[in-house]
Protein chains: 2
Amino acid sequence: MSQTPQGICCPAPRPVPVEGPPAAGTGGRYTISEVAERTGLSAHTLRWYERIGLMPHINRSHTGQRRFSDRDLVWLDLVGKLRMTGMSVADMVRYAELVRAGDHTYPERRRLLAATREDVLRRIDELRGTLAVLDVKIAHYTGNEDTPAVSEEAATS
Amino acid sequence: MSQTPQGICCPAPRPVPVEGPPAAGTGGRYTISEVAERTGLSAHTLRWYERIGLMPHINRSHTGQRRFSDRDLVWLDLVGKLRMTGMSVADMVRYAELVRAGDHTYPERRRLLAATREDVLRRIDELRGTLAVLDVKIAHYTGNEDTPAVSEEAATS
DNA sequence: TAGAAGGTTGGAGTGCACTCCAGGCAAGTC
DNA sequence: GACTTGCCTGGAGTGCACTCCAACCTTCTA
């Protein structure tokens, strides 16, 4: 959930069998390419999300093609938000499993999201810190467009 | 520099021959493990950073071991900040090359950092957006610790 | 009837940022 | 002299999150 000083990137996933609650029966029926366009995810990624258990069961047409519901879109929207927080796909799959498991998982879901929230706050703080550094650097370069550098160049610029 | 909806992760690097300005001659002489401890980076990563051109030349002891200077530590601090912004290693190498190339690269360095700054602002905004979503979810789970779920469960929780 | 468009699958491939490994060297301690 | 510690190198391996491929199926339009 949190990030080590070096590994600025990401934790450990694992493929998970899809076996959730009954899929939605509400709203429009979108093809995979329509959903790709709406969400900005590729069709590849949408299939992959389903395969690893990050989606609830997706309905199929009589020819076996995926037909996404409005509910699926809402879910994908949440997934997109969670991705933005830096949450790993593995953790999102874990969350999806909790949702499928039923209401008794509320406390754990809350815990997962609360931890994510803490992460986000930390990240915002970090980013604000980098902003300060960037501003100093940019001001330095702006004020010295053509003047010779001072001392610490290799280290400080 | 910016991130696509899907590729939340990262751009393209390339190995770059180290051939920068004369290395620092100031300050303490730290071994690689000392620097690893101070920066939180692994010794592996420090060697790798040097190899790809992300470090200025690092001095060596008479036996060929790296001896990092205070200036190197300052540089690593900046690199750490840039990593936090989400800047790719490839872009950081590019920046390091500009620093090595001399003062006439000030405008481009400024441009690079200004673009990074914009990215950071965008990311902070995104994170704030996710915070709002998380808060709604967490409040929902907190208020319904044991009560049955409502309708949209698979999609909204 | 042909061809194009859009979908299906499992499995392999990609790019990034590390991370580890084998084999070796130098200095210090018992 | 043996052992330990800490460092060196080039190159291979890892984990994540996609991304692509080949072979195939349906549906639709010309």
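Order of the sequence lines sets the chain letters (A, B, ...), proteins ahead of strands, with each chain counted from 1.
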### Message
Students often get this wrong, so: under 4.0 angstrom with heavy atoms, is B:Ser33 touching a base, only sugar-phosphate, or nothing?
### Response
sugar-phosphate
### Query
Taking the nucleotide of DNA chain D with the closest heavy atom to each, which residue, A:Thr63 or A:Arg47, is nearer the 5' end?
A:Arg47
### Query
Is any side-chain heavy atom of B:Ile124 less than 4.5 Å from a side-chain heavy atom of A:Leu131?
yes
#### Entry: Under 3.5 Å side-chain donor-acceptor pair for A:Thr116 and A:Asp119
no
### Message
Tell me the interatomic distance from B:Leu46, atom CG, to D:dG6, atom P, rounded to whole angstroms.
### Response
16 Å
### Task
Mind listing the closest non-hydrogen atom pair of B:Pro107 and B:His104 along with its distance?
CD-O, 3.6 Å
### Query
Do the side-chain N or O atoms of A:Thr31 get closer than 4.0 angstrom to the phosphate oxygens (OP1, OP2) of C:dG7?
yes
### Message
Rounded to whole Å, how long is the line connecting atom CH2 of B:Trp48 with atom P of D:dC7?
### Response
20 Å
### Candidates C:dT19, C:dA27, D:dC18 - which lies nearest the side chain of B:Thr45
C:dT19
#### Entry: Interatomic distance, A:Ile52 CD1 vs D:dT19 P [rounded to whole Å]
13 Å
### Message
I want to verify a distance call: between C:dT8, C:dC18, D:dC8, whose nearest atom is closest to the B:Arg66 side chain?
### Response
D:dC8
### Message
Can you measure A:Phe68 atom CZ to C:dT8 atom C1' for me and round it to whole angstrom units?
### Response
13 Å
### Message
Mind checking if A:Ser61 touches a base, just sugar-phosphate, or nothing, with heavy atoms under 4.0 Å?
### Response
nothing
### Task
Nearest whole angstrom, please: distance from the P of D:dC20 to the CG of A:Leu41.
14 Å
### Query
Do the side-chain N or O atoms of B:Tyr49 get closer than 4.0 angstrom to the phosphate oxygens (OP1, OP2) of C:dA17?
no
### Given C:dC18, C:dG10, D:dC7, the nucleotide with the shortest approach to the side chain of B:Gln65
D:dC7
### Message
Does either side chain, that of B:Tyr30 or that of B:Asp70, offer a donor lying less than 3.5 Å from an acceptor on the other one?
### Response
yes
### Query
What's the closest nucleotide to the B:His44 side chain, out of C:dA27, C:dC20, D:dT19?
C:dC20
#### Entry: Gap between atoms NE2 and C1', on B:His62 and D:dG6 respectively (whole Å)
14 Å
#### Entry: B:Arg51, nearest nucleotide to its side chain (from C:dA27, D:dG11, C:dA12)
D:dG11
### Query
Expressed in angstrom and rounded to an integer, what is the separation of A:Glu50 atom CD from D:dT19 atom P?
18 Å
### Query
Between the main-chain N or O of B:Arg51 and the side-chain N or O of B:Arg47, is there a donor-acceptor pair closer than 3.5 Å?
no
### Task
Measure the distance from CZ on B:Arg67 to P on D:dG6 and round it to the nearest whole Å.
13 Å
### Query
To the side chain of A:Arg60, which of C:dT8, D:dC8, C:dC18 is closest?
C:dT8
